[in-house]
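Input: a single structure, listed below in structure tokens.
Only heavy atoms go into these numbers, but all of them, side chains included; no hydrogens, no water, no symmetry mates. Both ligands and their constituent atoms are indexed starting at 1 by order of listing.
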Amino acid sequence: MNKRLIGYGRQTIVQEDIERVVQVLQSERLTQGSVVPKFEKELCAKVGATYGTAVNSGTSALHIACLALGLTRNDMLWTSPISFVASANCAQYCGASVDFVDIDPESGLMDVEQLRSKLIESKKQNNLPKILIPVHLGGTSCNMEDIFSLSKEFGFSIIEDASHALGGSYKNYPVGSCKWSDITTFSFHPVKTITTCEGGMAVTNNAKIANLLSLYREHGITKSSDEFLHKPAGPWHYEQHILGYNFRLSDVNAALGLSQLTHLDTFLKRRRALALNYKKLLGDLPISFLIESDDCESAHHLAIILLDSVCAHFQKEIFTDMINAGIGVQLHYQPIHLNPYYLKLGFRAGDWPFSEEYAKAALTLPLYPSLSEADQTHIVNTLSQILGRYYGG
Ligand SMILES: *Cc1c(COP(=O)(O)O)cnc(C)c1O
């Protein structure tokens, strides 16, 4: 049908986005100007958070979120094995240890009951996590209300990894409202809901945390006179108080983000329509969908399907056949703990069986706003043909 490889996700850039980026390129300030604060303000307004700190990636957002919550050596962070490695790596950057909570195989999300039993066990061993990172896989929020009440009972902080979930909601609150968490992080990588090329943001409702987030973003330097520990020697005075990084987003990138944000609702509507259409088109195939709770309106970042037990046996072949047919399927995700780096830390195959089983059956189909219904029909017909090869054969 067409020769281009249909990727699993891609950006949608319109002329207006390009013009707003060019305006900043022609202006005085390419970085540290007024566009980043404006982007932070607008995104916060969209998700119902008070403070936003824009950074150069979603990974940096997770990193400074951990730092701002005081994660350090001898601390423990828990997350889901079914996520991008950054959800766990952020703990390693702080010298802390990582552990995982298995998923609910029906939703792909962190399982609250397994979280509860693991917390009870860990309390006995005096080994409770300092931070928990629930991951809103595919754009569907985790069960934040129950996770939040466990955080009060067992005394840990919560960072929502909402890299997939910008524009989604939970119990009628937008993801990012931080009603049930300390910090929520977003990514603006081109495959995500909106893009700044590379970029991310950490949002919070806590002024102290917000202040730390921006300190860690910029070298640990403060320029506000009310925070100075020394008497200013002159008007040039600034002070470094902690060891921070340069994780700044540029104003050029933020201009793209600001413009993209105005398309968010259109993007979401389109993604929702395409997700619904997939459900219709895929109805007769031997696959199932991840279950979305009625509490959630998904941001539909990923179209994940689960192959039935016959097809799952041929996951690798089906994947390869789809790629060879020009359809860029993906696996979200190989369980984090099975990466060589994490195996070296002592994790083992078999540690989180639901995650491992899920990863043997999951397949992500293309989903992005500029995908057409004709593309979807082509994708589903191709998949149907390929699955037929492995049935009864
Ligand atoms: C994309 C992503 C990240 C990292 O974001 P980057 O902007 O690529 O650094 C973290 N967690 C999840 C779940 C992601 O999908």
Residue-ligand contact H332/ligand 1, heavy atom below 4.0 Å: no

Atom 4 (C) of ligand 1 - nearest protein heavy atom and its distance: T59 OG1, 3.5 Å

Contact atoms of ligand 1, heavy-atom distance to G58 under 4.0 Å: 5 (O), 6 (P), 7 (O), 9 (O)

H337 and W352 aromatic ring geometry - parallel, tilted or perpendicular at 30°/60° bounds: perpendicular

Side chain D182, main chain I158, donor-acceptor under 3.5 Å: yes

Side-chain donor or acceptor of H164 paired with backbone N/O of G138 under 3.5 Å: yes

Per-atom contacts of ligand 1 with G199, taking only distances under 4.0 Å to non-hydrogen atoms: 7 (O)

Heavy atom of the protein closest to atom 3 (C) of ligand 1 (residue, atom name, distance): S163 OG, 3.5 Å

For K123, side chain to side chain contact (heavy atoms under 4.5 Å, CB included) partners two or more places apart: L128, F154

For S83, the ligand 1 atoms whose distance to one of its heavy atoms is below 4.0 Å: 13 (C)

Identity and separation of the nearest protein heavy atom to atom 2 (C) of ligand 1: K192 NZ, 2.7 Å

Check: N339 side chain, I336 main-chain N or O, donor-acceptor pair, under 3.5 Å: yes

H263 and F267 aromatic ring geometry - parallel, tilted or perpendicular at 30°/60° bounds: tilted

Protein residue, atom and distance nearest to atom 15 (O) of ligand 1, heavy-atom basis: H164 NE2, 2.7 Å

H237 and H230 aromatic ring geometry - parallel, tilted or perpendicular at 30°/60° bounds: tilted

Ligand-residue contact atoms, ligand 1 with D161, heavy atoms, under 4.0 Å: 10 (C), 11 (N), 12 (C), 13 (C)

Per-residue contact class, E198 against ligand 1 - non-hydrogen pairs under 4.0 Å: neither

Within reach of ligand 1, part of Y333 (heavy-atom separation under 4.0 Å): side chain

Atom 5 (O) of ligand 1: the protein heavy-atom neighbour that sits closest, reported with distance to 0.1 Å: S187 OG, 3.3 Å

F347 ring center near F100 ring center (under 6.0 Å): yes

